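Input: a single structure, listed below in structure tokens.
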Amino acid sequence: MAGKTRSSPSRPPGRVVTRRAPRKASPPEELTARAAAALPAWLPTRRWFGSKTRNVAGVVPLDVTTVPETRGILAIFEVTYTDGGRETYNVPVLPASGKGEIRDAMEDPEFCRALLGHLRAQTSLAGRRGVFHFTPTALLTEIAPGAPEAVSRVAAEQSNTSVVYDARAVLKLFRKLESGTNPDFEIADYLTRGTAFRGIARLIGSIAYERDTEVPITLGVVQEFVPNQGDAWTATLGRLADYFAAAQEGLETEGTGSEAFARTLADADAEEARRLGALTGQLHMALASATEPAFAPEVVSGAEVAVWREGMQAYLDRVMQTLASVHETLPPTVRDLAHQTLESAARLRESLTTLDALGAESVTKIRIHGDYHLGQVLKAGDGFVILDFEGEPTRPLAERRAKHCALKDVAGMLRSFAYAAESGLAAATMETPGERDRLVPWAERWEQGVQAAFLEGYLAETLQRGARFLPADRDRLDAALRAFVLDKTVYELQYELDHRPTWVRIPLEGLRRAGRVTPRPAPASLRLGAGPFGFVACLELREFVGVRAENERQLADLIDEVSLDSIYYHTHGFFLRHKFVAGAYPNDFATWAAVQVRDRVLGERLAMVDPAHFPNLQALREELVSVIDDHLRGLQVVPAALLGEPFEFIQSRIVEVPTGTEVRTLEELRSALLDVDVSAIYFHLVEARMRLGRGQNDFAAWLEHGLGLPPLAAKVRAVDPYAGSLERARTRLIQLCDEALAAGT
């Protein structure tokens, strides 16, 4: 941060600077006075002004500086309200044409261009009482080396104002100010400077105000612009529109093709969610790697967990009081649901005690996002970029900068998926409200699938890598997560009651589900057997082949060329990765054709290629190529992924992971099948028969030779995971065990 005050940008070494003739500027005192007089009426018209429901009593300037090369000023104002409250706002202004009028300086491209110029020059501008500092990082000259040609203000804004420079850099100006470092600057700075995590827009500069010995106030940040396809919320709703349309078509025509397409779209969304979960886990691991005091992890004491839980319970009590006072005024369609929620308030309060599971282990608290949902994530290529580390804007700055449990972010995203499912359902049934009941199971299936996949991706990058900010015991982790999800749902209920009563169904439905308990099956009778069966789980180690298909012709050519390990990965290995939703397209080739190319005909034809029917992988490869060739012969134009993603070829190998679970009886087998990781189902059903060359699945072999049950073994041998999913295969295996036990086998 420069200590010298400059009145204009310094000249970069070795570069000739052409200066414009200075504009005639209004005296800063006159413009400041004009702004202070106009702001009481002007502020409530701004989208970023957060206190529109309060009456402004007056506005006084706290500090101001002229911005060289412009007619405007950077100005900080204190706004007082008739209720006695006070807030501080960052309001750069320019004179308007009318007498005594002002305009927002951030709407002027030249003013915004000058701000970036001062950042490049590392200017410090003296105010009346403090200094406005422009501080670049080393990345500025790499990302935005020269004066920008195109300057555009982002239309979609809420509490801040953003400006894009040449699609290379973005300035975010914070409007409502508090004394201290804004976490959006602080976290972006640490991740850019101190970690290898690149799932964010890197920081290239900041603007801050400093006065005497007070803590500097962050006025704005400048980050790299990341080319993107929009935020994940909008993208998810678009995909859900296709999903519900396919589901409706299937219900109306009773056709399995459309329903199958819907299930495959849900499966693709689950895979997207898994990747987002993995990125979220990588973010938390990066934040937890810090040693700087402001970021270094700290062990959470049992007393602190108790304080968190008591705060959640007190907040629940207040929200229930609010709901009780207004529930009779809610839309009739949700009034009964609101009444049920009030009746379950005591049970919900007790449910929050599951948070105490955090105190049973030495779990650490870390810096987190704090306001994590699909709207805070950009879809960029085949990945994501995480934005906006400010935390919830209505919370005090100290609270937003505090370290917390990482599961709070996880809960936020899980609830965001619930919001997406309900919003998509509402849009799909807007013109046909009677369809809602028939589509609710589809909404729940999608929601559960993406939530489970997100959590799987997250835990693969955190819990499975020894993260100390999560309980090592999975039961304790799940218990604590339920408390954070419940707390987030309560927060949503208060928000909707205050701002969008027509949306109140979403959190009310979430609270109804929170108290729902799924009973475990009762154990069957014992039947002793001989010889133990040892369960083996597995991990899939993936490797990119380095080739990708942009259209269906390239897909066929590359299937014919890649290694058999790649064919295995995209067909047999498909089931290890797509275990949450039973898709109708049981291989990656079919899924890509249907989802990314939107060629449902080829997708369905490839889906009919059953890997179980081929003696070896070469025969399977030849059939896949033959199906695509035959399909393309009937077309004049080769279908391509014009809007979707190309097909990336991957190959893999399997690493065996002994589980330590051994069973000696049919009942023990049935019980173990309920609990083992789904990768163990895959290993014994698919891997053993195909890649290990055992000729049949391990369960059938043990039942026949270990327990002496040939009839049951024959039925288990016929279980085909390719007909649905591994979870469906698990269910079928358990069903066969139950039938045999009930028959006294």
Side-chain angles (χ1 to χ4, degrees), residues 183-184 187-203 223-236 239 267-290 295 297 366-391 404-420 449-467 469-470 477 481 484-485 488 539-542 544 577-578 580 645 648 650:
D184 204 15
I187 292 179
D189 175 55
Y190 170 71
L191 290 173
T192 302
R193 172 178 46 81
T195 76
F197 181 74
R198 290 296 173 261
I200 62 163
R202 293 177 295 172
L203 183 76
Q223 294 170 285
E224 68 176 329
F225 177 84
V226 180
N228 62 87
Q229 296 87 52
D231 64 78
W233 171 261
T234 304
T236 299
R239 293 169 73 93
D267 203 20
D269 288 346
E271 179 61 19
E272 284 266 293
R274 188 199 62 77
R275 292 202 295 269
L276 179 57
L279 183 69
T280 306
Q282 293 162 10
L283 167 67
H284 285 166
M285 292 293 279
L287 291 171
S289 69
F295 285 87
I366 62 172
R367 293 296 293 270
I368 63 173
H369 187 283
D371 188 25
Y372 199 44
H373 54 79
L374 289 167
Q376 306 285 42
V377 178
L378 290 180
K379 186 74 175 68
D382 58 356
F384 302 94
V385 172
I386 301 171
L387 303 175
D388 297 334
F389 289 87
E390 292 179 75
H404 215 295
C405 179
L407 291 174
K408 184 174 182 180
D409 278 351
V410 177
M413 189 56 71
L414 294 180
R415 285 300 305 158
S416 189
F417 285 125
Y419 259 69
V450 295
Q451 287 177 335
F454 175 84
L455 189 57
E456 183 212 43
Y458 178 78
L459 295 180
E461 296 291 335
T462 53
L463 185 66
Q464 295 176 23
R465 296 180 183 271
F469 52 80
L470 296 176
L477 187 153
L481 179 57
F484 280 112
V485 170
K488 181 66 175 179
L539 294 174
E540 185 181 48
L541 301 183
R542 309 175 192 176
F544 286 93
R577 288 168 279 120
H578 295 254
F580 300 105
E645 299 172 4
E648 187 81 47
I650 298 171

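Since this is a predicted model, take the numbers as computed values, not measurements. FYI, the numbering just counts along the sequence from 1.
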Show your reasoning for whether side-chain contact (heavy atoms from CB on, under 4.5 Å) applies to T280 and M413.
CA-CA 10 Å; T280 306; M413 189 56 71; 5.7 Å; no
May I have the step-by-step check of side-chain contact (heavy atoms from CB on, under 4.5 Å) for V410 and L481, ending in yes or no?
CA-CA 8 Å; V410 177; L481 179 57; 3.9 Å; yes
Just by distance, do the side chain of E224 and the backbone of R202 share a donor-acceptor pair under 3.5 Å?
yes
Between E461 (side chain only) and A278 (backbone N and O only), is there a donor and an acceptor less than 3.5 Å apart?
no
How far apart are the closest heavy atoms of [X] and [Y], and which atoms are they?
X: G199; Y: L279; answer: CA-CD1, 4.1 Å
X: A270; Y: A453; answer: O-CB, 3.0 Å
X: A406; Y: I366; answer: CB-CD1, 4.1 Å

Interatomic spacing from [atom1] in [X] to [atom2] in [Y] - rounded to 0.5 Å:
X: R274; Y: L455; atom1: CZ; atom2: CG; value: 13.0 Å
X: Y372; Y: L414; atom1: OH; atom2: CG; value: 10.5 Å
X: L287; Y: F197; atom1: CG; atom2: CZ; value: 8.0 Å
X: L203; Y: I187; atom1: CG; atom2: CD1; value: 12.0 Å
X: D269; Y: T236; atom1: CG; atom2: OG1; value: 7.0 Å
X: I200; Y: L378; atom1: CD1; atom2: CG; value: 12.5 Å

As a quick check of understanding, evaluate side-chain contact (heavy atoms from CB on, under 4.5 Å) for D231 and L374, giving each step before the final call.
CA-CA 7 Å; D231 64 78; L374 289 167; over 6 Å; no
Can you check whether [X] reaches [Y] side chain to side chain, under 4.5 Å on heavy atoms?
X: F469; Y: T462; answer: yes
X: F484; Y: D409; answer: no
X: F389; Y: L283; answer: yes

Please enumerate all residues that pass side-chain contact (heavy atoms from CB on, under 4.5 Å) together with D371, with sequence neighbours excluded.
H369, H373, Q376, E392, P393, K488
Before accepting this row, confirm whether a basic side-chain N of the pair E645/K379 lies closer than 4.0 Å to the acidic partner's carboxylate O.
yes
